Participant: 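Okay, handing you the structure first.
Quick note: numbers below take in every heavy atom, side chains included, and nothing from hydrogens, waters or symmetry partners. Positions are given from 1, in the same order as the sequence printed here. Bear in mind that the values here come from a model prediction, so they are computed numbers and not experimental data.
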Amino acid sequence: MQLDRFPRFPLAHLPTPLEPLSRLSDHLGGPRIFVKRDDCTGLAFGGNKTRKLEYLVADALAQDATLLVSEGGLQSNHVRQTAAAAAKAGLNCELVLDQNVAWEDSAYRSSGNLMLDRLLGARVHLCPPGAPRSDTSPAIVEAARARGERPYFVPTGGSNAIGGLGFARCAREILDQSATLGLTVGAIVVASGSGGTQGGLIAGLIGMAEAGRPAVPAIGIDIDDALDEVTENVTRVANDCAGLLGLDQGVPAQAIDIRPGYAAPGYGLPNDGMIEAIELLARLEGLLLDPVYSGKAMAGLIDMVRRGTFERDQAVVFIHTGGAPALFVYPSLFATGP
Ligand SMILES: *Cc1c(COP(=O)(O)O)cnc(C)c1O
């Protein structure tokens with residue numbers, strides 16, 4: 001795959017570690033679970049968007065942009081990493097945030113990622129409650145252009161073909177690291193929403209298989225409680241990214257594997273499986289997951305293990321996509337002791 005022909009603006013600490021979760025594996029009675037620490041990408045508390053932004057920022061700089069505009073929910077990890085990337089690249093940053101998650105904790109409106117967006121120097125535009133950000137973003141881009149800026153729009157989650165290159169690179173990293181460790185990876189499990197993470201991974205894994213490396217499936221856990229939409233997102237990015245990478249074959253339909261059932265009652269809203277997963281990983285491994293993405297994805301992995309989805313001695317890689325700053329806007333879930 002032609003990954004190395006694309007310019008990359010270095011933002012992340014790479015490669016991120018691939019580590020065993022031995023106490024979790026013992027607790028569940030197998031398989032051998034490993035964590036790919038993309039929570040440790042290093043940029044302003046890290047997370048999965050940093051890999052995508054390495055390619056997106058390089059593209060923005062190649063187009064002589066002066067400003068990054070992006071969008072997300074009020075507690076978006078993506079926009080926080082975009083604000084940090086813009087700062088590091090010397091670009092201005094404007095963020096369009098909508099307010100569509102019915103979570104009433106007052107910290108949700110003042111702390112966590114939202115506080116960090118402002119600290120990182122981004123200009124924040126809040127949409128009226130209930131209004132989708134897509135109603136506002138084009139006007140923000142146009143207003144910036146009218147002021148003489150050269151805006152570069154980064155879509156929700158940084159999830160397009162260029163952002164996906166970051167996770168094609170992650171696929172290559174995982175296969176290189178597992179080869180060094182003498183591991184055969186049976187599956188990669190990751191949270192999936194706007195689709196750039198899983199889509200880029202799928203394209204990268206197909207590219208590696210074309211180069212003679214082992215074929216590894218990437219299983220996404222739907223964290224949006226919207227299976228059709230997530231499937232569409234992942235399929236689009238996987239195909240567009242495979243096109244950019246110059247892969248011989250397209251993406252077969254069976255490569256798009258997304259598991260529903262772990263996100264209810266909705267995006268950003270808690271459920272028991274997520275709380276169990278976050279507490280378990282904190283107490284067995286000292287590892288902090290987040291309530292919106294990685295906690296629900298880990299709940300999905302734990303449930304699949306309990307249902308016998310994996311062989312006992314199989315190696316399964318969970319990608320920790322970050323997001324822990326959002327723990328602080330859900331204090332009522334976790335800070336309930338005396
Ligand atoms: C954005 C995000 C995801 C989902 O990644 P997509 O590329 O949008 O599918 C998963 N985990 C965390 C912590 C995120 O911020």
Side-chain angles (χ1 to χ4, degrees), residues 1 3 16 18 34-39 41 47-53 55-56 72 76-78 81 155-175 185-209 215-245 247 250-263 267 289-290 292-301 304 309 316-323:
M1 64 178 168
L3 182 58
T16 57
L18 180 68
F34 292 77
V35 61
K36 176 67 170 162
R37 295 295 304 272
D38 268 30
D39 58 320
T41 49
N48 62 334
K49 304 311 182 304
T50 301
R51 285 186 190 269
K52 303 179 187 181
L53 286 160
Y55 289 97
L56 291 161
S76 165
N77 300 299
H78 160 69
Q81 288 162 83
T156 295
S159 288
N160 58 18
I162 292 173
L165 295 172
F167 275 88
R169 189 181 189 87
C170 182
R172 184 168 74 186
E173 249 178 59
I174 291 172
L175 290 187
V185 178
I188 298 171
V189 176
V190 69
S192 206
S194 67
T197 301
Q198 191 187 357
L201 267 178
I202 289 170
L205 290 167
I206 292 172
M208 294 300 281
V216 180
I219 302 172
I221 307 292
D222 164 21
I223 54 71
D224 271 343
D225 205 20
L227 182 62
D228 289 350
E229 203 177 307
V230 174
T231 303
E232 197 181 303
N233 295 341
V234 172
T235 305
R236 176 179 44 80
V237 178
N239 280 294
D240 292 354
C241 193
L244 273 190
L245 290 168
L247 302 186
V251 176
Q254 70 268 20
I256 311 292
D257 182 351
I258 300 159
R259 309 290 170 102
Y262 303 106
Y267 172 83
L289 301 175
D290 83 282
V292 182
Y293 299 95
S294 55
K296 287 180 173 176
M298 179 58 81
L301 172 58
M304 286 191 284
T309 306
V316 175
V317 173
F318 176 81
I319 302 182
H320 188 343
T321 45

Participant: A side-chain contact here means heavy atoms from C-beta on lying under 4.5 Å apart; do Tyr262 and Met298 qualify?
Facilitator: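 No. Closest side-chain heavy atoms not under 4.5 Å.
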Participant: Looking at CD1 of Ile258 and CG of Asn233, how far apart are the two atoms once the value is rounded to the nearest 0.5 Å?
Facilitator: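 Taking CD1 in Ile258 and CG in Asn233, the distance rounds to 8.5 Å.
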Participant: Is the backbone of Gly220 close enough, under 3.5 Å, to the side chain of Ser192 for a donor and an acceptor to pair up by distance?
Facilitator: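 Not a single qualifying donor-acceptor pair exists.
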Participant: Under 4.5 Å between any side-chain heavy atoms of Thr235 and Val251, yes or no?
Facilitator: no
Participant: Indicate yes or no: at least one non-hydrogen side-chain atom of Leu18 is less than 4.5 angstrom from one of Val35.
Facilitator: no
Participant: Could you go through the side chain to side chain contact (heavy atoms under 4.5 Å, CB included) check for Leu56 and Asn160 one step at a time?
Facilitator: CA-CA 9 Å; Leu56 291 161; Asn160 58 18; 3.6 Å; yes
Participant: State the CG-CD1 distance between Leu201 and Ile219, to the nearest 0.5 angstrom.
Facilitator: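 So the CG of Leu201 and the CD1 of Ile219 are separated by 12.0 Å.
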Participant: Can you tell me how far the CG atom of Asp222 sits from the OG1 atom of Thr231, to the nearest 0.5 Å?
Facilitator: 7.5 Å
Participant: Less than 6.0 angstrom from the centroid, inside 45 degrees of the normal: does Lys49 satisfy that with respect to the ring of Tyr293?
Facilitator: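 Yes, Lys49 and Tyr293 form such a contact.
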Participant: Might you point out which heavy atoms bring Ile223 and Ala297 nearest each other, and give the distance in Å?
Facilitator: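 Closest approach of Ile223 to Ala297: CG2-N, 4.4 Å.
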Participant: Please report the interatomic distance CD1(Ile188) to NZ(Lys36), rounded to the nearest 0.5 Å.
Facilitator: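 It is 9.5 Å, given to the nearest 0.5 Å.
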Participant: CG/Asp39 to OG1/Thr50 distance, rounded to the nearest 0.5 angstrom?
Facilitator: 11.0 Å
Participant: With heavy-atom distances below 4.5 Å as the criterion, would you say the side chains of Ile221 and Phe318 are in contact?
Facilitator: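 A side-chain contact under 4.5 Å is absent here.
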Participant: For residues Leu205 and Ala218, report the shortest heavy-atom separation together with the two atoms involved.
Facilitator: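 Residues Leu205 and Ala218, closest heavy atoms: CD1-CB, 3.8 Å.
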Participant: Are Thr156 and His78 side-chain neighbours, meaning at least one heavy-atom pair lies under 4.5 Å?
Facilitator: no
Participant: Main chain of Gly157, side chain of Lys52: is a donor-acceptor contact present, judged purely on distance under 3.5 Å?
Facilitator: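 Indeed, once roles are kept as given, a pair shorter than 3.5 Å links the two residues.
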Participant: Check whether any side-chain heavy atom of Val316 sits under 4.5 Å from a side-chain heavy atom of Val189, and report yes or no.
Facilitator: yes
Participant: When you measure from the side chain of Asp224 to the backbone N and O of Ala226, does any donor-acceptor pair fall under 3.5 Å?
Facilitator: no
Participant: State, yes or no, whether a side-chain contact exists between Glu232 and Asp228 at a heavy-atom distance under 4.5 Å.
Facilitator: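 Sidechains of Asp228 and Glu232: no contact.
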Participant: Which pair of heavy atoms, one from Ala191 and one from Thr321, lies closest together, and at what distance?
Facilitator: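 Reported closest heavy-atom pair: CB-OG1, 4.3 Å.
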Participant: Output the distance between atom CZ (Arg169) and atom CD1 (Ile174), rounded to the nearest 0.5 Å.
Facilitator: 13.0 Å
Participant: Judged by atom type as modelled, is there a donor-acceptor pair below 3.5 Å linking the side chain of Gln81 to the main-chain atoms of Leu53?
Facilitator: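 Not at all, since once roles are kept as given, no pair shorter than 3.5 Å links the two residues.
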Participant: For Asn48 and Thr197, test the side chains for any donor-to-acceptor distance below 3.5 angstrom and give the result as yes or no.
Facilitator: yes
Participant: For a quick test of reading the model, state the closest non-hydrogen atom pair linking Ser294 to His320 and the distance between them.
Facilitator: OG-CE1, 3.7 Å
Participant: Ignoring hydrogens and geometry beyond distance, is a side-chain donor-acceptor pair present between Arg51 and Thr16 at under 3.5 Å?
Facilitator: yes
Participant: What are the two closest heavy atoms between Ala238 and Ala203, and how far apart are they?
Facilitator: O-CB, 3.8 Å
Participant: On a heavy-atom basis, which atom in Gly204 and which in Ala171 lie closest, and how many Å separate them?
Facilitator: C-CB, 3.9 Å
